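What follows is a set of notes on a single structure, which appears directly below.
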Amino acid sequence: MKPVERGRRNRHAGSFRIELLPYSLWSLLFIVVPLFFVAYYAFTNNSFGFTTENITKFFTATSQVDGAEVHTYLLIFARSLKLAVISTVICFILGYPIAYIMATAGEKAQKIMLVLIMIPMWMNFLIRTYAWMTILQDTGILNSLLGFIGLGPLHIIGTETAVIIGMVYDYLPYMVLPVYSIMAKMDYKLIEAARDLGCNNFAVLKRVIFPLSLPGVLSGITMVLIPSISTFYISQKLGSGKFFLIGDAIEGQFVANNLHFAAAIAFILMIVLLICMAIMKHFTNKAVYGGGRK
Amino acid sequence: MKTASRIFTVIFFIFLFAPIAILLIFSFNTTKSLSVFSGFSFKWYSELFNDAQTLISVKNTLILATLAMLISTVMGTAASVGIVKLRRSWYRRYMDTVTDIPMTNPDIITGISLMLMFVFAGRIFGRNTSLDFGTLLIAHITFCLPYVILQVLPKLQQMDAALPEAAQDLGCTPLRAFFKVTLPEISPGIITGAIMAFTMSLDDFVISYFTSGNGFQTLPVRIYNMTKKTVTPKMYALATITFFVILALLIFTNLSDNNKDGGKRR
């Protein structure tokens, strides 16, 4: 190490940063330690003796569904994952074009659309979800409208479709906003240049716009995927059955005061999400930074 | 292409506002029905204003959000000032990771993890219910902090680090240099962070649900308990009022933004 560097280092490392102290303690006590409590509860029984029972219960518990024996929690987990992925894909399909339309609109139109996207976010999501429940009911507004134009009543409430509609509706702004904020800063001369060099609209989208907007897309995906995989209110109102999604399972165990099993489910969810995030991060680094250097 | 995108935009916003429109319309209904409009009345509004428990929960939510905002803004700003001076080291990496955790973890895990710790601590101190206003406030400060830090830190990084140093060379104490030089420079970030913390706290349901006891109910938790049974359109009246408050705030802030821009252009 060069002496100059060393001196610089010492100046910063040596001085005690009092302003950092409260947050350091706070984050240790209320962010890091609670996560260890999840693991601690997951691996203990009611008298706080070590056990792997809670974890094995998650993987082996079975129940009867339509006469067939299924793995209760594995089925719920798979369903959560499936619905969250479908919702995220739909959010992308709906949200990406809107973000592009917003970013390329005039300044005034951009502002208005931004406000329109943000208004629903600030209204309580419980009430908004509840509104969907009344819309989708068998005797709800949607079915009376459909009946008006001569289409038979659809049974939507209580199905996976209803839960997907709820998730897409609640989390759509989380997809639009990050993509929009990246696209609004994009250099539109690049698009003109691509056109001048002979790209058609699709090629411009594929080779210029999409790669540039990728960081926004990836943060949009995480911001939709994570809340939809762990929700319990949407599935309680729009889904059917007692434990529909993984969030319901955690909440149900919490209400029943089975804190150790609730912790075990939360622990497994956390591990799965950590693995997903690591894969995503790897993918982001490769796509965003690796691609640029080539 | 242009018409296609216009049609898409219109359909998109209809989807986004359909449930809200239904809430607004049926909050003025005379009956409980949400599909048949039988007459105009303010019945549900007067019922809302006579519902003492809901009004208390509104007050609780505002008190909690204000306290969480103030504490997290002060602590988060101080932390940012410290973090920006940390060079590449394990401490810096720890800070970045720890600030990321509440943002990327699902709310349900943040809520459960804090609840487990509070319950455990309660057992040690031999109390039956350890969840109360204090635990709720701790939880809210915890999930608000990253939003403040993520707004303030970039402003500090953009600022010329030589400025506060110059102030100190000219005889300011470090604290005075901070208030005279650094603070005015980073105040837009602090204000945005504070507003975000306030709205996050106002809006939170999941974490409050797990960390609040029976004694102190916030509005979202109250709404949750109400929607467990059949809901009276009181809730729609409440949603309608929220909608117009937000609309007024947004129009107000946009207008003042425009004035600022106008001033700059001149």
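Each chain gets a letter, A, B and so on, in the order the sequences are listed, and its residues count up from 1. Here the structure is a predicted model, which means the values were calculated and not measured.
- Ring pair B/Phe120/A/Phe48: centre-to-centre distance below 6.0 Å.
- For B/Ile22, the part lying under 4.5 angstrom from a heavy atom of chain A is the side chain only.
- Heavy-atom distances place no part of B/Met103 under 4.5 Å from chain A, backbone and side chain included.
- With hydrogens and angles left out, the side-chain atoms of B/Thr142 and A/Trp26 include a donor and acceptor closer than 3.5 Å.
- Among residues 11-19 of chain B, the residues having any heavy atom closer than 4.5 Å to a heavy atom of chain A are, in sequence order, B/Phe12, B/Phe13, B/Phe15, B/Leu16, B/Phe17, B/Pro19.
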Pair up each side-chain donor or acceptor in residues 90-103 of chain A with any protein partner under 3.5 Å, not counting sequence neighbours, and list the distances.
residue, atom, partner, partner atom, Å
A/Tyr96, OH, A/Ser213, OG, 2.7

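- Side chain to side chain, A/Tyr23 and B/Thr99 meet the donor-acceptor criterion of an N or O pair below 3.5 Å.
- With a 4.5 angstrom heavy-atom cutoff, B/Thr199 touches chain A only via side-chain atoms.
- Neither the backbone nor the side chain of B/Ile251 comes within contact range of chain A, judged by heavy atoms closer than 4.5 Å.
- Contact annotation for B/Leu116: both backbone and side-chain heavy atoms come within less than 4.5 Å of a heavy atom of chain A.
- With a threshold of 4.5 angstrom between heavy atoms, A/Tyr233 approaches chain B through side-chain atoms but not through N, CA, C or O.
- Interface remark: B/Phe210 contributes backbone and side-chain atoms alike to the contact with chain A (heavy atom separation under 4.5 Å).
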